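Source: prediction; values computed, not measured.
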Amino acid sequence: SKRRDLRDHRIFTIDPPTSRDLDDALSVEFLSNDIIRVGIHISDVSFFVHPDTALDKEAQVRSTSVYLTQYVMPMLPQVLCEEICSLNP
């Protein structure tokens, strides 16, 4: 599918306030009369992590980010998950 720039839309993260990687968000748009569009926005990591690259293979080994009380072991490098792929405002 074609990527679209939605920065002019009002989009709200659903990640907790303590989260450093904002990758899930919602938007609400009133179209007409009784019609409301709810947008579900998920960070598109696949745009940056290409199949069969070293980064893809490492992400497969890790399979998920691990969240401990005072530490996070991310599935992807910090610059990707907290900056480039993050849905930061």
Side-chain angles (χ1 to χ4, degrees):
S1 70
K2 188 177 178 182
R3 294 170 56 87
R4 292 184 298 160
D5 185 349
L6 300 175
R7 288 179 285 186
D8 62 334
H9 288 65
R10 188 170 296 236
I11 299 174
F12 302 89
T13 182
I14 58 173
D15 291 302
T18 57
S19 182
R20 293 182 303 201
D21 57 335
L22 307 178
D23 54 3
D24 306 302
L26 296 174
S27 63
V28 177
E29 185 178 358
F30 296 93
L31 300 177
S32 65
N33 296 337
D34 296 331
I35 299 175
I36 299 172
R37 176 185 293 151
V38 176
I40 300 169
H41 308 273
I42 308 296
S43 180
D44 184 7
V45 175
S46 67
F47 184 78
F48 301 97
V49 180
H50 301 282
D52 299 320
T53 61
L55 181 57
D56 179 45
K57 292 175 183 173
E58 180 63 24
Q60 288 179 42
V61 168
R62 294 183 183 196
S63 73
T64 189
S65 295
V66 177
Y67 295 87
L68 304 172
T69 306
Q70 298 294 323
Y71 179 74
V72 176
M73 188 172 90
M75 181 173 73
L76 298 170
Q78 188 172 359
V79 68
L80 278 175
C81 62
E82 293 181 17
E83 295 177 30
I84 296 172
C85 297
S86 188
L87 300 173
N88 289 321

Under 4.5 Å between side-chain heavy atoms, counting indirect links through other Ile/Leu/Val/Met/Phe/Trp/Tyr residues: same cluster for M73 and V61 or not? no
In this structure, would V49 and V79 fall into the same cluster of hydrophobic residues linked by side-chain contacts under 4.5 Å? yes
What distance do E83 atom CD and D21 atom CG have between them, rounded to the nearest 0.5 Å? 11.5 Å
Going from CG on L26 to CZ on F12, what distance comes out if it is rounded to the nearest 0.5 angstrom? 9.5 Å
Side-chain donor/acceptor of D23 to backbone N/O of L87, under 3.5 Å: no
Please name all residues satisfying salt bridge (Lys or Arg N to Asp or Glu O under 4.0 Å) with R37, sequence neighbours left out, ordered by chain then number. E29
Is there a path of hydrophobic side-chain contacts, each under 4.5 Å between heavy atoms of I/L/V/M/F/W/Y residues, joining I14 to V38? no
Would you say Y67 ends up clustered with Y71 if hydrophobic residues are merged whenever their side chains have heavy atoms under 4.5 Å apart, either directly or through other cluster members? no
Quick one: does L22's side chain get under 4.5 Å of S19's, heavy atoms only? yes
Heavy-atom nearest pair, R10 first then S27, reads O-CB, 3.4 Å
Spacing of S86 atom OG and Q78 atom CD [to the nearest 0.5 Å]: 11.5 Å
Examine distances only and state if a side-chain atom of D15 and a backbone atom of D24 form a donor-acceptor pair shorter than 3.5 Å. yes
CG/L31: more than 12 non-hydrogen atoms of other groups inside 6.0 Å: yes
Side chains of P51 and T53: does their closest heavy-atom pair fall under 4.5 Å? no
What distance separates E82 CD from L76 CG, expressed to the nearest 0.5 Å? 11.0 Å
Any I11 side-chain heavy atom under 4.5 Å of L6 side chain: yes
Can you tell me how far the CE atom of M75 sits from the OG1 atom of T64, to the nearest 0.5 Å? 6.5 Å
Same cluster (ILVMFWY, side-chain, under 4.5 Å), F48 and L55: yes
Pairing residues for D5 by the salt bridge (Lys or Arg N to Asp or Glu O under 4.0 Å) criterion, not counting sequence neighbours: R7
Is it true that, when you exclude D34 itself, more than 12 heavy atoms of the residues, nucleotides or ligands shown sit nearer than 6.0 Å to its CG? no
Please round to the nearest 0.5 Å and tell me the distance separating atom CG of L80 and atom SG of C85. 4.5 Å
